[in-house]
Every structure is written in C-alpha cells, then in structure tokens.
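Notes follow once the structure below has been shown.
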Amino acid sequence: MNTGSSFTTTATFIFLLGLLAAGCRNTETASQMDTPQPTAASVYADAIGSARFERSAVKVEQGYTVESGNLYTRDGETGSLVVVRSPDGAVTSIIDEPGKRGLLVVDTKGKSTFTEEPAYDYLTPDALDSKDSEPAAKQGAIKAGEHQYIDMLVAYSAAAFARLNTDPVAYALAQLETANLGLRNSLVADLSLRLAAVNVFDVDYGMTDDGIFAWQTKLSPYRRLYSSDVNAVYIEGGGGLAYVGGYTSVNGRSSPEAFRHEIGHNVGGSHCNNNPARYSFGYHNGKSQTYLCGNKVPYYSTPAVRDAHGLPLGDAQTADMARVWRENGAWLSGFHPELPGLRMMLVSSSGEDAYAFATLNIPVTLAENAAIVALSESVGPTSMIPSSSNNTKTTLSARLLNAKGKEVTVQFRAQRRRASCLTEINVSNMCAGFPLHLEIKYYPQFGSNASLPRGYYNGLLKLEARSSDSNWKMPINIAVSIRK
Ligand SMILES: [Zn+2]
C-alpha cells in the first residue's frame, strides 16, 4: 500500500534531477533508460490503424516505460492503448479498439505479433463472495492529496507463463495500467495500482470457486513476504473470476482486458445495476459500457464524466464506481504497509532459457561513495570494502521457497556498476561521479543451482545500499521468481 513516501516509482526521477544538477549529461545515464520517453508511435501504428491515441500518462517503473491513454476512432468510438517498453527495448501493448482488442508484442528484433482477445461476454457471472478476507489495517475513504498505492502480487501459473510470449514483468505492468487508466479517466485521484512482485507457480488451480480459493491460500505467505495488498493471478484460458470485496482475482491469459473488470469486483463493484438502492455498479448509457457493465470503454462508471457521444458514464444513484473506488480504495490499499526502500524484480524469462537479469538504479548523489551489502553473511558480504579489481563478481545465496513452500538456497551473481567500474557489490569507493547500479543475474547451472530440482522458486532477497561517506542507507527489496 501506501502513501507517497516510497522511492519505488520516484527514484529514477529524483536520480535524474541529481544528475542534471551536477551538470553531467554525457554518460550512459538515465537519459536513455529512465526518463519517461514514450515509445515510438511507429511500433503500434499498424495495430491501431486510423484511431487517434491521446496519451494521458507516461512513467518509468523499475526501468520499464509505461504509457497509456484513450484511442478515438474515426467513427466516434472510444478505446484504449497501454504500451510498456522493457529495458531491452521489447514492447508489450494492450490494444482495446472497437472490433480489435488484444495483445501486441514487438520483440527486440522488431518482430511484431498481435494476439486477438477471443470474444467474451463480460456480463458472465464471475463474482464470488469474499472468503477468508483478512481485515485491512486501514478503513475508510482515501484522503485527498495523500496518494495510496494498491500493491499487487501478480502470479502466473506455469502453463500461462510458458505461453505468455512476452516479458512477464512488462505484461504485469501493462495489466495494472489498464485499471490505472480507468481510474484516471473516471477522475479517481490519489489512488493507483503498483506492482509489488511477479511470481510463477506450477499448479493447475482453475477458474472455479475452489480454484480461486486455492490460489488465495497458495499466495498467502508470499503476500506477507512482499507486504502486498491484492493478488492478480493469470492462468490459461479466457475471462476472469474475482471475490467481491476481497483481494484475489483469477484472470485468463487470453483475455488481457479481464483484469480491469475483475479488480472492480475486488473493490466492491457488480455488473449493470439490478438494485436501485445501490450505486456500486457499472453503467451502460446506450452507447458506452464501462468496465463493470460490459467492459467496452476505458472507464469505471461515474456521473462526473461524459463519453465521446456527450452521454454521462454513470449515475449518482445507480452507477458510480468512481465513488466506490474513493470509498473503498484505502481499504484495498491498506492490508499491509509497503516495504520501505527500493524495489526490484528478477524473473526468469518465459522462453526456453531460464536465465534472468535485472538492474536497479540506486538514488545516491553522483559524488557519494556507496556500495550494496547483504544483511546476513549467509547471503553475501555484509560490510563494504573500498576497492577491488575490475569485473569481479559477488555470489549471493538467497533463501527462496520451492514448490512445497520450503526454503532452499538459490545462488545469484551480482555486481555494482558505476560507468565502466563493474565490481563486487560491496565495493564503495570506485568511480564515484557516475550513476550507481546494482545488477543481478541468475544462471540455472551456476554454483549450487546445478543440483536444484526442476521447478519454480519464489521469494524475497533483501539487500541494502550504503554510503561510505555518511550514515545514508537504503533497503533494497528484490522480488525473485526463477525457474530451474
Ligand atoms: Zn464480472
């Protein structure tokens, strides 16, 4: 959850400001990777055809550039576009145009694949009474000016993960952005969804009453580990299923528009109004169907906004999901306090090679001597050293959970990078004057990993960035999901 105290989403901007203030723009820096530069329109131009894209947000989250906005077609219809560019340049995009909705993936070589969402009736009953809800820490409405984050644990079944065909972190970010766009469009300020972790589990729980409960139970220890609020699960198939007034949804991989609808059930919404005494419903005004009532236009119902035809997108008495979000948002974001510090994700690719790589910008001033250490000797070095020879590496031994939920050791290779200085992570005094990065790699055959049984391993690796010039410290939380 939580108020805007975290560096998670803002670190790169703070960092960039520091860089500009120092007058140093001639290095490899944030300028390519971390300033919010929208993805070139040519990447999705063919896919959206003659529709006009009106971008309403662009941000960088963990090295991924996330943008979204509405699409306006020539015949006056409204759709939406979400574009996520991975650090390696690949693009994952969710297109929702009348008559054309689905997932566009453009790989690093520029090869483009569009997978259409199969027809699905979003009025299919898909909402269950919440089970086993743990009480949230915070109740009541969100407060103006105090931004609340709903921290999301995104989990894939191994079957869905294997067929995802794109970067699992990018896909998760794109999914959350479909809901965030609806919140913005419907004028729900001060509330958004944020990615806390991506995990993969080799289980086959289905889209049934028993299946969603099994998923919620399975995710329970991980949700505590990552201190996240709400679970979004992806399995093979289409459509979705969600608890109403609960914190779990199960979504079909082939329905990229399902999640924005299912999270609307989580916050307390139902489909089209069948009870004039309540307003927690979606809206169909004859032209436009909001997320909960048909899932055609990128809005949660609200009487405060009109569609492209000039018709209101809700009714104060019978269809006001924006109000439901404002009233219940603090509850949904308030299950667990967010982990303090920086956040990073390391996830094996869904391709044949299970290798994983991630990099993190650490927001220290360019002049500061700083390093990264482990919190326990069993994980890695816990104290800083001033220098070492170039291209040395640190082995980190993290305790992750195997398929049975038991702790096992998984090993990683990590380096601290400042410009051309690539060293062990705990080196503090080399190459100050350049941005500080942590790089982590997972190799299935490295060290003791070679003897790990096949399967998925999920968990949290905690490190800490420290200055050797001052008392400055910053926790680093690495959500890990790797495959052997
Ligand atoms: Zn539904």
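Numbering of ligands and ligand atoms starts at 1, following listing order.
Between Arg483 and Asp202 there is no salt bridge, since none of the side-chain N atoms of the basic residue sits less than 4.0 Å from a carboxylate O of the acidic one. Ion pairing between Glu177 and Arg260 fails under the 4.0 Å rule for side-chain N and carboxylate O.
Within His271, NE2 is the N, O or S atom that lies nearest to the Zn ion (ligand 1). Take the N/O/S atoms of His265: the one nearest the Zn ion (ligand 1) is NE2.
Taking the six-membered ring for Trp and the full ring otherwise, the centers of Tyr171 and Tyr234 sit less than 6.0 Å from each other.
At a cut-off of 2.8 Å, Asp126 coordinates the Zn ion (ligand 1) through an N, O or S atom.
For the 3.5 Å distance criterion, the side chains of Asp210 and Thr208 fail to qualify, holding no donor opposite an acceptor.
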